[in-house]
> 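Here it is, the structure in full.
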Amino acid sequence: MAKEITSRSEDYAQWYIDIVKKAQLAENSAVRGCMVIKPHGFAIWENIRDQMDRMFKETGHQNAYFPLFVPKSLFEAEEKNAEGFAKECAIVTHYRLKNDPDHPGKLIVDPAAKLEEELVVRPTSEAIIWNTYRDWIQSYRDLPLLLNQWANVVRWEMRTRLFLRTAEFLWQEGHTAHATAEEAVAEARQMLDVYAQFAEEWMAMPVIKGAKTANERFAGAEDTYCIEALMQDGKALQAGTSHFLGQNFSKAFDVKFLNENNQQEYVWATSWGTSTRLIGGLIMTHSDDDGLVLPPRLAPVQVIIVPIPKPSEALSEAAEKIMRALRAKGIRVKYDTDMKNRPGFKFAEHEMRGTPVRLGLGERDLLANQVEVARRDTKEKTNVSLDGIADYVETLLETIQQNLFNRARTYRDSHTTPADTFEEFQHILDNKGGFVLAHWDGDGATEEKIKELTKATIRCIPFDGEKEPGKCILTGNPSAQRVLFARAY
RNA sequence: CGGGGCGUAGCGCAGUCCGGUUAGCGCACCUGCUUUGGGAGCAGGGGGUCGUGAGUUCGAAUCCCACCGCCCCGACCA
């Protein structure tokens, strides 16, 4: 047993922190609210990034890069967006330091170096991007404009948590321009589908697609779509959002195009984003009290070969042969050449780091022409013949990927509960947790009241929800379909 | 940003209430030997501005003040 990880049942929040730190994914830095992403954590992010990037390219998008700083006058141009982010912006006011005359060796901000106009450190890039798009778009032939950027953004959060909410985080933000509202909505929906597909097929994290209520909508959006996942403690995590921005930004930044009839029209917009928060979701979907559990498709190392008791000429030679066969199939495999630690220590270590498959290879295995195959997800161990080991491992990795998804979906489904009365609703939230499907009258004030009473919010109005009429659990007013409630991160 | 808790070696902690020689312990680290199929044992060794700053005092990890950070609860938050 891993002695150092707090168990989930004892203290879920501490368990999460323990996993992040013990699996060496990230740690707090000298900067308030900002984390250092360590090599293992960053390798996971690189895998997430690379695959999502492929999916963006396959759907016709290109990457570009826009500045970190947004002049305040541009930032405030789209009023709702500016208002929504105003409370959490870092602002650059000066561009120079100078020696402090009163304290040798110390520096002070040079008051003579005050900027004419303050620069907002981007909390999101709509403003700077739409200001740029104005010059890029003249005609319907320039549309659609389909760009994405991989970047860091800063949101001065009051309370931060590693990966889930940090003051600076890495993300991707897509920003597209279209000739018609229909086309923009279709784009926003398409990208939500891309997110859902990525979450389910790569992260093995089942998600529910839906629309946000007006209260939960992105500042400046006409409509916000999202994917919502359920964590092991019964709380929901918003894993990605895609927004139909209407003409709000094109009007704010005066982005017009000439249509086929030679008439000026404002452009229709979308934006969509996912962040390093996904890693938090990945952790809380699959990991256990022994450490991180990674889906094979995103694991930096998919197979670790542990020589028992330690590397020797014969064992290393056998390991090399296995590695060649696995690599020929595109499997990421590593041989543990550490001479210092004993096998038991290494087993625990690799489990902590979430490596999906471990091959234990000792002299007695060589004699029997076999290897011990251990699965991280189920902890099962099997002896497998070295003949055809690559095929076996290839199949096993797919099996693990599928098993993790099925396991998470079973959990999610068994923690998605309908409620027809407010008492029932509250009881489920307090005792079982998870998603609660309940009727809501569509009124923002009702939503607020429910949140106040239960701390649960409407995660989304599911797209695939049955159009089953009913009565709002709070007001009794008519409702057309159940919406998805949960307490959330 | 409000309430509570905490900050002593890389990590986890004792010591602080009640000031007093050279600040301890476990893990980790270094060296050696014995070990090695689920987190090894023994022996020796290195590592500290006690979160930061300013005070009180002959003397401060310990008392006072301010600040910073972390964790929890709340408010806030795509």
Side-chain angles (χ1 to χ4, degrees), chain A residues 1-6 11-14 16-18 21-22 24 27-35 80-81 83-89 103 106 123-124 126 153 155-162 164-167 169 171 173 192 211-221 223-228 236-243 245 271-275 277 290-291 306-312 315 338-352 358-368 370-372 374 379 381 383 451-452 455 457-460 488-489:
Chain A
M1 280 294 290
K3 295 158 190 156
E4 297 134 21
I5 297 179
T6 306
D11 184 342
Y12 192 84
Q14 188 59 46
Y16 175 79
I17 293 164
D18 285 353
K21 293 190 171 169
K22 302 274 161 53
Q24 297 184 61
E27 62 188 32
N28 287 308
S29 70
V31 189
R32 173 191 198 140
C34 297
M35 63 178 170
K80 281 187 181 155
N81 184 248
E83 197 187 313
F85 285 105
K87 294 187 295 294
E88 50 187 42
C89 287
H103 301 90
K106 302 284 186 183
T124 183
E126 276 80 4
V153 288
R155 296 179 188 178
W156 215 261
E157 301 285 356
M158 286 296 114
R159 192 173 160 191
T160 58
R161 296 192 70 187
L162 292 166
L164 296 173
R165 179 172 285 110
T166 47
F169 55 92
W171 79 339
E173 47 180 325
L192 191 75
K212 285 291 185 192
T213 61
N215 283 346
E216 300 277 331
R217 204 171 276 159
F218 175 75
D223 219 344
T224 289
Y225 313 132
C226 63
I227 52 172
E228 293 285 330
L237 183 77
Q238 177 177 299
T241 50
S242 183
H243 317 289
L245 301 174
S271 69
W272 25 277
T274 56
S275 71
R277 179 179 237 208
D290 293 325
V306 179
I308 297 167
K310 62 182 179 184
S312 70
L315 292 176
D338 172 54
M339 296 292 282
K340 181 184 162 296
N341 292 299
R342 292 148 47 109
F345 180 89
K346 292 181 183 179
F347 294 168
E349 190 68 15
H350 295 300
E351 279 161 11
M352 184 82 83
R358 182 185 73 234
L359 303 183
L361 188 63
E363 293 288 345
R364 78 183 185 205
D365 296 304
L366 289 188
L367 288 172
Q370 66 177 30
V371 66
E372 183 190 75
K379 298 298 200 65
K381 292 190 276 197
N383 289 321
K451 180 180 174 184
E452 202 178 295
K455 294 187 171 70
T457 50
I458 298 175
R459 302 320 302 156
C460 69
Y489 276 96

> Rounded to the nearest Å, what distance is computed from the CE atom of residue A:Met339 to the P atom of nucleotide B:A40?
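From A:Met339 CE to B:A40 P: 16 Å.
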> Please determine, for B:G26, whether a Watson-Crick or G-U wobble partner exists with both distances under 3.5 Å, and give it or none.
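B:C11 is the nucleotide pairing with B:G26.
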> For B:G53, which nucleotide in any strand shown is its Watson-Crick or wobble partner with both distances under 3.5 Å?
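Check on B:G53: paired to B:C65, both distances under 3.5 Å.
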> Rounded to whole angstrom units, what separation is found between the CZ atom of A:Phe169 and the P atom of B:C77?
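Answer to the nearest Å: 15 Å.
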> Strictly below 4.0 Å, N to O, side chains only: are A:Arg32 and A:Glu157 in salt-bridge contact?
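Salt bridge between A:Arg32 and A:Glu157, a charged N being under 4.0 Å from a carboxylate O: no.
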> Tell me: CD of A:Glu349 to P of B:C27, nearest whole Å?
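Result: 18 Å.
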> Quick test: give all pairs of protein nitrogen or oxygen and nucleotides 32-37 of chain B nitrogen or oxygen below 3.5 Å, distance rounded to 0.1 Å.
residue: B:U35; atom: O2; partner: A:Arg342; partner atom: NH1; Å: 3.4
residue: B:U36; atom: O4'; partner: A:Arg342; partner atom: NH1; Å: 3.4
residue: B:U36; atom: O4; partner: A:Lys310; partner atom: NZ; Å: 3.2
residue: B:G37; atom: OP1; partner: A:Arg342; partner atom: NH2; Å: 3.2
residue: B:G37; atom: O6; partner: A:Arg364; partner atom: N; Å: 3.3
residue: B:G37; atom: O6; partner: A:Asp365; partner atom: OD2; Å: 3.2
residue: B:G37; atom: N1; partner: A:Asp365; partner atom: OD2; Å: 2.5
residue: B:G37; atom: N2; partner: A:Asp365; partner atom: OD2; Å: 3.3

> For A:Lys22 and B:A28, what is the distance between atoms NZ and C1' respectively, to the nearest whole Å?
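Result: 12 Å.
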> Could you state the atom-to-atom distance from CH2 of A:Trp171 to C1' of B:C77 in whole Å?
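Roughly 14 Å, once rounded to whole Å.
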> Under a 4.0 Å threshold between the charged nitrogen and the carboxylate oxygen, would A:Asp290 count as salt-bridged to A:Lys379?
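Counted as a salt bridge, because a side-chain N and a carboxylate O are separated by less than 4.0 Å.
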> Among all residues two or more places apart in sequence or in another chain, which pass the salt bridge (charged side-chain N to carboxylate O under 4.0 Å, His left out) test with A:Glu83?
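Expected list: none.
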> When you measure from the centre of the six-membered ring of A:Phe169, is the NZ or CZ of A:Arg277 closer than 6.0 Å and no more than 45° off the axis?
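No, A:Arg277 does not lie over the aromatic ring of A:Phe169.
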> Looking at B:C71, B:C77, B:G39, which one has an atom nearest to any side-chain atom of A:Asn28?
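For the A:Asn28 side chain, the nearest candidate turns out to be B:C71.
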> Does some side-chain heavy atom of A:Val153 sit less than 4.5 Å from a side-chain heavy atom of A:Glu173?
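Of all side-chain heavy-atom pairs linking A:Val153 with A:Glu173, at least one is under 4.5 Å.
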> Toward the 5' end of RNA chain B, which comes first, A:Gly33 or A:Asn215, by nearest nucleotide?
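The 5'-side residue here is A:Gly33.
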> Calculate the interatomic distance between A:Glu83 atom CD and B:C76 atom P; express it in whole Å.
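Spelled out: CD on A:Glu83 to P on B:C76 is 15 Å.
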> Can you tabulate the close N/O pairs, meaning under 3.5 Å, that link protein atoms to atoms of nucleotides 72-75 of chain B?
residue: B:C73; atom: OP2; partner: A:Arg159; partner atom: NH2; Å: 2.3

> Check the surroundings of atom CH2 in A:Trp171: do more than 12 heavy atoms from other residues, nucleotides or ligands lie under 6.0 Å from it?
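Enclosed.
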> What is the distance, rounded to the nearest whole Å, between atom CZ of A:Phe345 and atom P of B:G41?
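About 13 Å, once rounded to whole Å.
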> Nearest-Å distance, CG (A:Asp18) to P (B:C71)?
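Roughly 12 Å, once rounded to whole Å.
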> What is the pairing partner of B:C70, taking Watson-Crick or G-U wobble pairs with both distances under 3.5 Å in any strand?
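Here B:C70 is engaged in a pair, and the nucleotide opposite it is B:G5.
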